[in-house]
Amino acid sequence: MTFKPDFFLASLGDVLPAALINLQLALLAFLLAVAGGTALTLVRALKIRPVNWVIGVVISFIRGTPLMIQIFLFFYALPAAGIDLGPMTAGVLAIAFNSAVFITEIQRGSLAAIDPGQIEAAIALGLGSRPIWGRVVLPQLFRRILPMLVSEATVVIKGTALLSIITVVEMMRVAQRVGSANFSPFEPMVAAALGFLAINLVLSAAAQRLERRYASQRA
Amino acid sequence: MTHDPPPALRVQGLTLRYGSVRALDELYFDVAPGEVVALVGPSGCGKTSLLRCLTWLQQPTGGLIEIAGAPLGQERLPSGAIRRQSRRHIDRLRHRIGLVFQSLNLWPHLTARENVELPQRVVLGRSRTDARVRADAILDRLRVLELAEKVPGQLSGGQKQRVAIARALAMDPALMLFDEPTSSLDAELIQEVLSVLRGLAESGTTMLVVTHEIGFARHVAHRLLFMDQGRIVADGPPAQVIDHDPHPRVREFFDTVLAFRA
Ligand SMILES: Nc1ncnc2c1ncn2[C@@H]1O[C@H](COP(=O)(O)OP(=O)(O)O)[C@@H](O)[C@H]1O
Ligand SMILES: [Mg+2]
């Protein structure tokens, strides 16, 4: 197998524009995941036993099975249950659900590191649970977990490649098409890899700047 | 006909048990508006437990608490039955008692000014401008206005102490509670904080101060409560209790402390 530079350049032109689809899907999935994961964290903090037991079972299922299978389940099983979603919606929901579980686990870990004295101070001053979460706990929590959230975001971005298996036309799917049409899968695949890499590099550079800003602001 | 104002704090039969431990054993006392009360007693006698009950962070096993005439936590109905208040109701009363924790417990992600503004905005519904004006006035009075933009991690122990005091004072409490305000400070900072407390006392702030500083108790407080094993065993003018109270636990405590200073 030889690497054909001109075919590679041509593939870049075909494959990279589809990165926009991955970006959009990932952004949507990640926002849903952050909201859903935080909601799960809030519910779990209520410490209602049976509820937390159910959440625990769901968490271990999501953590213990491949994302690819979860995507298939959302795509094939939900319509069977009467909920018919297009491949894009099903795929975004599957990734969001998976990521929400990882985010709530990250949050739970960092929640334990917040000094309970601060919360007592808030209670003693008369703050209700809403402002305690919204103004005292969550802002600190998100600042603490920022690096882990960023790495979760890269997982989500890479995860969108899996949506090719349920017919979503994104970068990976385009690369496969270009590859099989030209009987040369290698070059377009490298092009897609570069697309994902570029997105993730930009993301982590942005995150580093953000972290440095926090660090210098609130040393 | 005129009525006396209600006491800033009224405690009737306050009891707290942890299992079989009686952390607070049927306490009865009032604190008058403007009064400065030193609360003294050996470690483990229940001082922190008392302050936690007075803010309802710890629900007492029994007894009644009134803040400036308003029952806190539970109230006696005309029928004589005791009714527990809702969390919302309690939250609305809590700012009437300003507690300065031993560990201060400032919010580390907010600046000093934001620490003082947040509860005013959220609990009292003050506007951004009003909260800021009030915060700055109090920070200025406590001589930490120039640190308003700093976060707690950038402040010294004494500075944090003042911000924590400001946060509670900004809520216009009927009573301020301090839990060993000098215990975590270096020797030179102790005097600084004591002078802040003296300033508050002189401006008429009602205070209940848990302290081991005999000088503060003697010279600033109007009254000294001595606790032992969950009970108040002495209650009187500070000098009187420190020098002459006959209770053996009181004598043991102060004679030891005074012997060390001599
Ligand atoms: N959360 C708790 N659980 C069980 N016992 C406690 C708890 N908090 C305090 N106590 C006990 O209650 C008593 C009073 O404690 P505390 O109020 O902290 O005393 P002080 O502040 O005077 O040192 C002590 O015997 C202590 O061991
Ligand atoms: Mg204590």
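All of these numbers come straight from a predicted model, not from anything done at the bench. Numbers restart at 1 for each chain; the letters A, B, ... are given by sequence-line order, proteins then strands.
Contact of B/L93 with chain A is not made at all, since no heavy-atom distance falls under 4.5 Å. Residue contact with chain A, scored on non-hydrogen atoms closer than 4.5 Å, involves the backbone of B/I97 exclusively.
Taking 4.0 Å as the cut-off between side-chain N and carboxylate O, B/E192 and B/R162 count as a salt-bridged pair. With salt bridges taken as basic N to acidic carboxylate O contacts below 4.0 Å, one links A/E120 and B/R52. Between B/R167 and B/E114, no side-chain nitrogen of the basic residue sits less than 4.0 Å from a carboxylate oxygen of the acidic one, so the salt-bridge criterion is not met.
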Walk me through whether B/Q74 and B/Q85 qualify under side-chain hydrogen bond (donor to acceptor under 3.5 Å, both in side chains). CA-CA 5 Å; B/Q74 39 196 24; B/Q85 295 170 345; over 6 Å; no
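Of the residues considered (A/P131, A/S129, A/G126, A/P139), A/G126 shows the highest number of contacts with chain B, using heavy-atom pairs under 4.5 Å.
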